[in-house]
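Chain letters run A, B, ... following the sequence lines, proteins first, then strands; residues in each count from 1.
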There are 2 protein chains.
Amino acid sequence: MRRPTLHAVAARAGVSKSSVSRVINGEPTVAPEIRQIVLRAVNELGYVPNGAARNLVTQRTNTIAIIVSDPPAGLVSDDPMFAMVVRAASRELEAAGKQVSLVLAGSPESRLRVEQYVAAGHVDGAMLVSMDGADPLPAMLARTGIPVVSHGRLATDLMPWVDNDNVGGATKAVQHLLDRGRQRIATISGPLDMPAAQDRLAAYRDTLKDTGRRSIVALGDFTRISGADAMRQLLDDDPDLDAVFAANDLMAIGALRTLREAGRRVPDDVAVVGFDDIEAASYTAPPLTTVRSPMGDQATRTVQLLLSLFKDGSAEPVLLPTEVVVRESS
Amino acid sequence: MRRPTLHAVAARAGVSKSSVSRVINGEPTVAPEIRQIVLRAVNELGYVPNGAARNLVTQRTNTIAIIVSDPPAGLVSDDPMFAMVVRAASRELEAAGKQVSLVLAGSPESRLRVEQYVAAGHVDGAMLVSMDGADPLPAMLARTGIPVVSHGRLATDLMPWVDNDNVGGATKAVQHLLDRGRQRIATISGPLDMPAAQDRLAAYRDTLKDTGRRSIVALGDFTRISGADAMRQLLDDDPDLDAVFAANDLMAIGALRTLREAGRRVPDDVAVVGFDDIEAASYTAPPLTTVRSPMGDQATRTVQLLLSLFKDGSAEPVLLPTEVVVRESS
DNA sequence: CTGAAAGCGCTTACAG
DNA sequence: CTGAAAGCGCTTACAG
């Protein structure tokens, strides 16, 4: 059995399709008795308007794409931040009556698919998540002309974004370690093609330089295992280090495991500070000192930015303040 | 500037719309020279077919909904399993040329929205994630007549599903603790309206009963904090317990924290076993013994099940084998 | 306030 | 192999 159409409802109610359409869309210029009759017919037939037909004629889809730049290795989507972002954004979009289309753009081919998808008019706007500096996707999407925002600062000035104050947060983290009297403070950096990693590393370097200390840097990719590996390398390079600032909590968790295996006590021998304040940070042994963005949901704000873009046609980037949450690891 | 239409391409190429359509859709019955001309016009104009128009006429959308039953508290989406499921499913669907529509259905209102959304023909099929036994959504969706599968066994027989062998896995976990010589084995259960939690608890009870031991049960909701709380309660109830089987890794992580705070050594005083083998299980102190489904991606299989449903019209439930991964916590 | 008509941008029998 | 025509199911000026 086919689904009933507007035509069927009109026939049953004995009115024109125009009137049915008006009732369905809640237009005020409909006589109460007609509204009644139509609503009854709608209920009796279980009518639901066809989405494709509606999209075609209104030229809108009420759908927003969440486009996540997830490398083949799945670095991004294994991060608890990914789930938080997707959830918070979904909620906010649902509250605004929008549908969510999730697109994981990993390979170059899938990037092409994304472009086609957007160009086909499937979505009214898009939110980019976790784009690295070299990614061609932001430029592609900006070219399509639909409203786009980025969750996370972009290297280029293609669209408004919402980000944590990475520089401020990392500065506070390193300052905290200095305040604790730590002398040899190392860092585990994120992948340097990502602005967040760049900012956190730069802040680390600058803060140490102000005190005349030298930087001790190992490179990770924001995963636990990379943090563990980087920590091992740092201990090799400088066995006397007494503190490490990891550019995110996952790498800090990896570093904690390496320190435990190496017999270093935390925080007695080595203090550890992370970044993000994911839920797991409260459950490490010892619980992890880290940097949190207290304004809460960057993702929620990103969605709001997108919505304001629809309303006002333009929007300014947003930088959310960050703060150190001191626990027992430092 | 409007986007170019099929009509514009036809005009530029000097052929009919039919021919352009055939070229776009790769139909073989097109003369090579016409194909050339059309493709050139497509490129010159940057033509991309309008998705809504296509959906309307073909009565298909090439879109699959991933519908996640996420309670207001966000229990599900904070779970690393959520991210894994979404990622694996997205990949598999993309490989099959499908778009992904992500729907988080928490409140009763949003369930209604989901029904409308599906009834509006926005998706060709759906994959349900983490439905509890009382959820009306599966029945709703089964009624719509579109192909639907469930990631996780359903209490009712409404659609095919893919699940881990929860009973087998939990049985092996408890057996493992018995083999280690543990005498008083407690469990932290998941929420009992979820089939996975029911199965794991039942298997725990049955395995212990076979040895004449009594069950020691505390209730959690699959979150870390609930595991921590439940562990505290278990220690109150039975200070002499020497092992605990948590129904998922997150609760096991919470239990580890409580044990640490209570001064119990793991595994010397209390052995701990989890379930799922999430990445974090390798990073706890000590690393967590847990149950893994080695066939890997339940989500990938669920998508494959859905695709086979499209092809064959029917499909059988799939149960994936599980195995214990022994680490240092037991 | 209501209805007939046009049109959104495609695909797909049907003739030729 | 190609094109003219119908039609997918809606919304929206336009008359009345």
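Summarising the geometry, the separation between CG on Asn62(A) and C1' on dT11(D) is reported as 15 Å, rounded to the nearest angstrom. Between the NE2 atom of His7(B) and the C1' atom of dC10(C) there is a distance of 13 Å, rounded to whole Å. The CD-C1' distance, from Gln59(A) to dC8(C), rounds to 6 Å in whole Å. Taking atom CZ of residue Arg60(B) and atom C1' of nucleotide dG9(D), one finds them 17 Å apart after rounding to whole Å. Atom pair Arg3(A):CZ and dG9(D):P shows a separation of 8 Å (rounding to whole Å applied). Between the CG atom of Leu56(B) and the C1' atom of dG9(C) there is a distance of 9 Å, given to the nearest Å. Atom CG of Asn50(A) and atom P of dG9(D) are 7 Å apart (whole Å). In this structure, the CG atom of Leu6(B) is 9 Å from the C1' atom of dT11(C), given to the nearest Å.
Near DNA chain D, meaning a heavy atom under 4.0 Å away, the residues from residues 24-43 of chain B are Thr29(B), Val30(B), Ala31(B), Ile34(B).
Base pairing in DNA chain C yields stems of at least 3 consecutive Watson-Crick or G-U pairs, both distances under 3.5 Å, namely C:1-3 with D:14-16, C:5-12 with D:5-12, C:14-16 with D:1-3.
Residues in residues 305-316 of chain B take part in no salt bridge (Lys or Arg N to Asp or Glu O under 4.0 Å) pair, two or more places apart or across chains. Among residues at least two apart or in separate chains, salt bridge (Lys or Arg N to Asp or Glu O under 4.0 Å) pairs with a member in residues 112-129 of chain A are Arg113(A)-Glu94(B), Glu115(A)-Arg143(A). Residues in residues 44-56 of chain B take part in these side chain to side chain donor-acceptor pair (under 3.5 Å) pairs, two or more places apart or across chains: Arg12(B)-Glu44(B), Asn25(B)-Arg54(B).
With sequence neighbours excluded, the residues that form a side-chain contact (heavy atoms from CB on, under 4.5 Å) with Ala119(A) are Val48(B). Applying the side-chain contact (heavy atoms from CB on, under 4.5 Å) rule to Ser314(A) yields no partners; only residues at least two apart in sequence or on another chain are considered. Residues forming a ring-ring contact (aromatic ring centres under 6.0 Å, His included) with Tyr117(B) (at least two apart in sequence, or on another chain): His122(B). Taking Thr58(A) as the reference, Arg60(A) meet the side-chain contact (heavy atoms from CB on, under 4.5 Å) condition, with sequence neighbours excluded. Remark: Thr5(B) pairs with no residue by the side-chain hydrogen bond (donor to acceptor under 3.5 Å, both in side chains) rule, at least two apart or across chains. Listed by chain and residue number, Lys98(B), Leu307(B) satisfy the side-chain contact (heavy atoms from CB on, under 4.5 Å) test with Ala96(B) (two or more places apart in sequence, or in another chain).
Here the shortest heavy-atom pairing between Ile146(B) and Ala126(B) reads CD1-N, 4.3 Å.
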Report, one pair per line, the protein and nucleotides 4-7 of chain D atoms (nitrogen or oxygen only) whose separation is under 3.5 Å.
{"residue": "dA4(D)", "atom": "N6", "partner": "Ser18(B)", "partner atom": "OG", "Å": "2.5"}

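Side-chain N/O atoms of Arg54(A) include one lying less than 4.0 angstrom from OP1 or OP2 on dT11(D). Listed pair Thr58(B) / dT11(C) fails the phosphate criterion, with no side-chain N or O lying under 4.0 Å from OP1 or OP2. At dG9(C), none of the side-chain N or O atoms of Thr5(B) fall inside 4.0 Å of OP1 or OP2 (strictly under the cut-off).
Judged by distance alone, the side chains of Ser69(B) and Arg111(B) do bring a donor and an acceptor atom under 3.5 Å apart.
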